[in-house]
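Note sheet for the following structure.
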Amino acid sequence: MRLRIDSKAKLNNGVEMPWLGLGVWQLSSKETMTCVEHALRFGYRHIDTATLYGNESEVGLGVRKSGIPREEVFVTTKLWNSDHGRDRSVRAFEESLKELGLGYIDLYLIHWPVEKDRTESWNALLKALEAGRTKALGVSNYTVRHLEELLSGSSVVPAVNQVEFHPYLYQKELLEYCRKKGIQLEAYSPLMKGKRLDDFSFVEMAGRYKRSVPQILIRWCLQHGVVVIPKSSHKKRIEENGSVFDFNISAKDMDYLDSLHEDYRSTWDPSNVP
Ligand code: NDP
């Protein structure tokens with residue numbers, strides 16, 4: 001079936017998550033509200049924020065201002081590292097819920113596999129899931145090792161693992177592991193934070209498809225069955241990044257993009273977290 005901007009992935013608990021979302025890291029308060037509202041009016045139905053980003057309340061405002069019914073929008077936020085622990089994680093969850101002002105959260109993620117505290121926080125947050133205060137619970141920056149540890153102690157499988165993912169960081173083993181376990185992989189920094197958009201391999205391919213490099217990178221994630229959340233502070237770019245549902249990258253070009261893997265990280269690296 002052909003994907004559209006509001007097409008959704010089905011998570012392991014039946015909740016549906018739009019394949020494309022707007023990331024809002026490093027957007028100012030003012031930009032956040034405007035960009036969220038614009039993205040939703042354009043057709044996006046998914047916003048990715050975090051306590052760390054300091055813009056949850058503006059995400060909530062943007063959603064309300066857009067006029068799109070709450071239940072049609074999927075909002076993710078995350079537990080920050082200083083908020084781990086049995087009681088503290090629950091308090092942080094409640095604060096995020098209040099900041100967003102949207103009644104419930106669609107997906108709550110443990111932002112980083114903080115050593116020692118991550119298991120306790122996961123178990124504490126399961127109560128929020130049971131109570132329906134978040135529709136789904138997941139993790140971010142978890143490697144296979146962190147996931148193995150979580151799965152060995154919990155009967156609830158994370159719905160999502162959000163990690164850095166782009167052709168220069170094609171995390172094939174992690175993708176296959178998550179697929180096998182029923183964990184939806186989600187790509188952050190899919191545009192490598194804008195750092196290498198001028199590389200010849202991408203520019204040449206984009207030219208052949210008459211598309212932009214960001215569109216090729218976003219499409220590559222989608223064709224790998226990975227949810228993707230590019231960020232932009234520009235309305236035109238938000239529209240450009242959302243216009244990726246009317247073309248296909250050929251199998252040969254997908255293989256070529258896959259072959260570019262060089263373990264390059266534009267954000268941070270959780271692989272050494274014990
Ligand atoms: P991205 O890979 O999405 O890149 C964003 C950069 O690309 C910005 O500089 C932006 O500039 C530029 N850009 C966006 N669209 C275009 C375009 N069409 N043409 C040219 N340049 C463009 O970086 P992020 O790190 O922000 O990742 C996306 C989201 O993922 C974050 O906002 C956040 O929600 C999430 N994230 C999660 C992390 C985690 O640990 N869980 C870590 C990192 C990100 P401009 O804004 O000026 O348009």
Side-chain angles (χ1 to χ4, degrees), residues 17-28 30-32 34-36 38-39 42 44 46-56 58-59 62 74-81 83 96 100 106-114 118 137-143 146 158-169 171 174 183-199 202-203 206 209 211-222 226-244 264-271 273:
M17 174 181 200
W19 288 104
L20 178 79
L22 176 74
V24 299
W25 189 22
Q26 293 166 324
L27 287 182
S28 68
K30 202 167 150 235
E31 283 173 328
T32 302
T34 318
C35 290
V36 166
H38 186 73
F42 182 72
Y44 286 60
H46 168 186
I47 311 293
D48 182 86
T49 183
T51 308
L52 175 71
Y53 308 166
N55 54 19
E56 287 168 310
E58 289 78 10
V59 166
F74 188 99
V75 178
T76 300
T77 190
K78 315 185 189 85
L79 177 79
W80 185 235
N81 299 356
D83 293 326
S96 286
L100 284 163
D106 294 277
L107 174 64
Y108 195 66
L109 301 177
I110 292 186
H111 207 145
W112 185 261
V114 172
R118 57 183 179 247
L137 190 62
V139 293
S140 176
N141 293 297
Y142 273 45
T143 62
H146 301 125
V160 169
N161 185 21
Q162 184 186 105
V163 298
E164 183 167 344
F165 193 84
H166 45 69
Y168 287 147
L169 187 65
Q171 303 206 56
L174 182 63
I183 302 167
Q184 175 62 51
L185 202 74
E186 179 179 12
Y188 75 61
S189 305
L191 312 179
M192 305 163 296
K193 298 195 92 63
K195 289 175 186 168
R196 297 179 66 179
L197 299 178
D198 292 337
D199 283 14
F202 300 137
V203 173
Y209 283 86
R211 295 286 163 162
S212 69
V213 170
Q215 287 174 324
I216 295 286
L217 296 172
I218 294 164
R219 187 71 208 180
W220 177 81
C221 291
L222 294 172
V226 174
V227 169
V228 59
I229 46 169
K231 167 258 173 187
S232 179
S233 54
H234 294 89
K235 289 183 177 173
K236 280 276 160 266
R237 290 179 175 176
I238 290 173
E239 294 177 13
E240 176 186 324
N241 297 345
S243 303
V244 291
Y264 168 76
R265 290 181 192 264
S266 64
T267 303
W268 39 40
D269 183 0
S271 57
V273 179

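Every number for a ligand or one of its atoms is a count from 1 in the order of the listing. Quick caveat: nothing in here was measured; it's all calculated off a predicted structure.
For the pair Pro230/Leu20, a side-chain contact is recorded, criterion being any heavy-atom separation below 4.5 Å from C-beta on. Put simply, the side chain of Trp19 reaches to within 4.5 Å of the side chain of Gln184, judged on heavy atoms. Using a 4.5 Å heavy-atom threshold, the side chains of Tyr44 and Asn241 count as touching.
Closer than 4.0 angstrom to ligand 1 by heavy atom are Gly23, Val24, Trp25, Asp48, Tyr53, Lys78, His111, Ser140, Asn141, Gln162, Tyr188, Ser189, Pro190, Leu191, Met192, Lys193, Gly194, Leu197, Pro214, Ile229, Pro230, Lys231, Ser232, Ser233, His234, Arg237, Glu240, Asn241, Thr267, Trp268, sorted by chain and number.
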Pairs under 3.5 angstrom only: tabulate donor-acceptor contacts from the side chains of residues 159-167 to other protein residues two or more places apart or in another chain.
{"from": "Asn161", "atom 1": "OD1", "to": "Tyr142", "atom 2": "N", "distance (Å)": "3.4"}
{"from": "Asn161", "atom 1": "ND2", "to": "Tyr142", "atom 2": "O", "distance (Å)": "2.9"}
{"from": "Gln162", "atom 1": "NE2", "to": "Asp48", "atom 2": "OD1", "distance (Å)": "2.8"}
{"from": "Gln162", "atom 1": "NE2", "to": "Glu186", "atom 2": "OE1", "distance (Å)": "3.1"}
{"from": "Gln162", "atom 1": "NE2", "to": "Glu186", "atom 2": "OE2", "distance (Å)": "3.3"}
{"from": "Glu164", "atom 1": "OE1", "to": "Ser266", "atom 2": "N", "distance (Å)": "3.3"}
{"from": "Glu164", "atom 1": "OE1", "to": "Thr267", "atom 2": "N", "distance (Å)": "3.0"}
{"from": "Glu164", "atom 1": "OE2", "to": "His166", "atom 2": "NE2", "distance (Å)": "2.7"}
{"from": "Glu164", "atom 1": "OE2", "to": "Ser266", "atom 2": "N", "distance (Å)": "2.6"}
{"from": "Glu164", "atom 1": "OE2", "to": "Ser266", "atom 2": "OG", "distance (Å)": "2.9"}
{"from": "His166", "atom 1": "ND1", "to": "Tyr168", "atom 2": "N", "distance (Å)": "3.3"}
{"from": "His166", "atom 1": "ND1", "to": "Leu169", "atom 2": "N", "distance (Å)": "3.2"}

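Using a 4.0 Å cut-off between charged side-chain N and carboxylate O, Glu239 and Lys236 make a salt bridge.
Applying the side chain to side chain contact (heavy atoms under 4.5 Å, CB included) test between Lys78 and each of Thr51, Leu109, Leu107 identifies Leu109 as the sole match.
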